[in-house]
Amino acid sequence: MVGAGAEGPEEQAIDAALRPKRLDDFVGQERVREQLSLVLRSALRRGRTPDHVLLSGGPGLGKTTLAMIIAAELGQPLRITSGPAIERAGDLAAVLSTLAEGEVLFLDEIHRMARPAEEMLYMAMEDFRVDVVVGKGPGATAIPLDIAPFTLVGATTRAGMLPGPLRDRFGFTGHMDFYGPAELEVIVQRSARLLDVEITDDGAAEVASRSRGTPRIANRLLRRVRDYAEVRGDGIVTHEAARAALTLYEVDEKGLDRLDRAVLGSLMRKFGGGPVGLSTLAVSVGEEPETVEVVAEPFLVRQGLLARTPRGRIATPAAWAHLGLTPPPSAPMAGAALFDLDDAPDEPE
């Protein structure tokens with residue numbers, strides 16, 4: 001799946017090479033970029049470590065890139081780990097105790113960190129100290145351990161899952177929005193120069209328009225279009241080459257890929273447009289519920305093609321029109337009473 005699938009080591013290496021290294025080179029997210037610049041410059045002038053930074057937003061919007069830029073702007077090394085890797089408080093203590101003064105710690109998917117480690121992180125962020133418990137049972141003792149002042153950059157795709165006490169300890173919170181076509185076109189042009197790919201303006205616009213508002217996907221589609229242009233064309237990414245390549249890779253004009261169309265197609269053809277529960281819908285397309293919920297649904301909802309209701313997922317009139325299908329008279333339609341399932345009970349299966 002070109003639009004949102006996992007990357008191999010080579011793809012990840014190319015993505016790393018395409019990342020901007022400074023705030024001035026970072027495209028988009030103007031408000032977050034300006035606010036973050038003030039935080040970092042103020043800390044540098046005072047000779048202090050900056051406040052801890054929390055970045056939220058969907059996958060591929062630049063949270064990891066901004067963490068790397070923060071370390072570069074501060075002239076400090078970057079330590080990278082993730083919430084799922086911190087299974088015990090001892091795992092976090094081992095990381096924190098080896099940090100040098102001023103070092104930047106990037107904790108990706110921070111909302112998935114184990115609760116005991118989360119509680120240890122509170123004290124580390126606020127007092128730069130952790131209590132290491134030695135022994136078990138009544139004889140256990142807590143040994144206070146001072147750690148060097150550091151800057152934590154936390155990233156999450158689900159800010160609502162972070163407990164309030166953890167959110168409150170971040171001095172700066174930035175939400176990453178999806179990118180507009182013009183911003184993505186600039187990113188595609190920049191990446192094409194770095195990859196030594198010749199691309200026309202309308203070719204870049206075509207790639208940008210199908211990139212789901214996400215730079216990571218834009219760069220991935222650019223590489224696939226480059227491959228097509230080199231093998232089946234003259235090596236120049238034109239509008240026609242981009243359209244032909246993205247059609248071959250099953251990315252349509254709205255940016256929907258195979259999984260997106262499978263979800264919508266199953267919802268409409270097998271379930272009459274819904275409502276249908278997430279698990280049932282996922283089984284019908286042969287995917288895990290989390291894949292459908294995290295990879296496909298956010299984009300489909302944002303495009304107005306799918307709605308999430310207390311009773312389940314339903315297809316909107318725009319979805320029927322996009323796939324060229326006629327809704328049956330009994331098909332549900334999205335209305336003003338719909339609301340997000342994040343605040344609703346689980347739908348019945």
Side-chain angles (χ1 to χ4, degrees), residues 3-4 15 18-40 50-70 73 83 106-112 153-162 166-167 170-191 204-222 251 253-257 260 293-308 316 318 338-343:
D15 272 341
L18 296 179
R19 295 183 193 272
K21 304 299 188 292
R22 292 288 178 179
L23 272 177
D24 291 341
D25 299 327
F26 191 90
V27 177
Q29 312 295 340
E30 291 185 10
R31 182 61 58 86
V32 172
R33 184 158 43 97
E34 184 177 359
Q35 293 171 345
L36 191 55
S37 176
L38 290 175
V39 171
L40 298 179
D51 286 340
H52 303 297
V53 175
L54 177 64
L55 302 173
S56 65
L61 296 182
K63 298 186 295 296
T64 302
T65 298
L66 273 183
M68 294 177 174
I69 287 175
I70 289 171
E73 295 283 352
F106 177 53
L107 187 51
D108 197 12
E109 295 300 298
I110 190 173
H111 64 272
R112 297 177 61 186
V153 180
T156 178
T157 54
R158 298 189 175 188
M161 293 181 65
L162 284 178
L166 182 55
R167 283 199 306 271
F170 286 97
F172 172 77
T173 300
H175 177 72
M176 312 285 284
D177 293 318
F178 287 95
Y179 288 64
E183 293 172 327
L184 287 173
E185 189 172 344
V186 172
I187 291 173
V188 170
Q189 294 276 17
R190 174 184 178 274
S191 298
E206 184 66 19
V207 173
S209 69
R210 303 196 191 197
S211 298
R212 305 164 71 103
T214 307
R216 181 185 297 165
I217 294 176
N219 287 331
R220 193 177 306 160
L221 294 183
L222 172 63
V251 179
E253 291 82 358
K254 282 184 174 289
L256 273 65
D257 58 20
D260 300 321
E293 185 178 25
V294 175
V295 176
E297 272 194 356
F299 180 67
L300 295 176
V301 171
R302 189 160 53 90
Q303 292 295 307
L305 301 174
L306 181 144
R308 305 196 298 181
T316 67
L338 302 180
F339 59 92
D340 197 300
L341 277 178
D342 290 340
D343 302 316

Note, [X] side chain near [Y] side chain (heavy atom, < 4.5 Å):
| X | Y | result |
| --- | --- | --- |
| L66 | M176 | yes |
| L256 | L305 | yes |
| T214 | L61 | yes |
| T64 | L55 | no |

How close do [X] and [Y] get, counting heavy atoms only, and between which atoms?
| X | Y | answer |
| --- | --- | --- |
| K63 | T157 | NZ-CG2, 4.1 Å |
| F106 | A155 | CE1-CB, 3.6 Å |
| A159 | R167 | O-NH1, 3.7 Å |
| I69 | F26 | CD1-CD1, 3.8 Å |
| F170 | G154 | CE2-N, 4.0 Å |
| T156 | H111 | OG1-ND1, 2.7 Å |

So with a 6.0 Å cut-off around CD of E30, is the heavy-atom count from everything else above 12? no
With rounding to the nearest 0.5 Å, note down the distance linking [atom1] in [X] to [atom2] in [Y].
| X | Y | atom1 | atom2 | answer |
| --- | --- | --- | --- | --- |
| T65 | D25 | OG1 | CG | 11.5 Å |
| R158 | I110 | CZ | CD1 | 15.5 Å |
| S211 | E185 | OG | CD | 10.5 Å |
| I217 | R220 | CD1 | CZ | 6.0 Å |
| R31 | D177 | CZ | CG | 10.5 Å |
| E253 | E206 | CD | CD | 7.5 Å |

Between [X] (side chain only) and [Y] (backbone N and O only), is there a donor and an acceptor less than 3.5 Å apart?
| X | Y | result |
| --- | --- | --- |
| N219 | R216 | no |
| R212 | F299 | no |
| E73 | L23 | yes |
| K21 | M68 | no |

Please name the residue in the list L18, V207, V186 that meets the side chain to side chain contact (heavy atoms under 4.5 Å, CB included) test with S191. L18
Once side chain to side chain donor-acceptor pair (under 3.5 Å) is applied, do any residues pair with T173, and if so which ones, sequence neighbours excluded? none
Under the rule for side chain to side chain donor-acceptor pair (under 3.5 Å), what residues qualify as partners of H52, not counting sequence neighbours? none
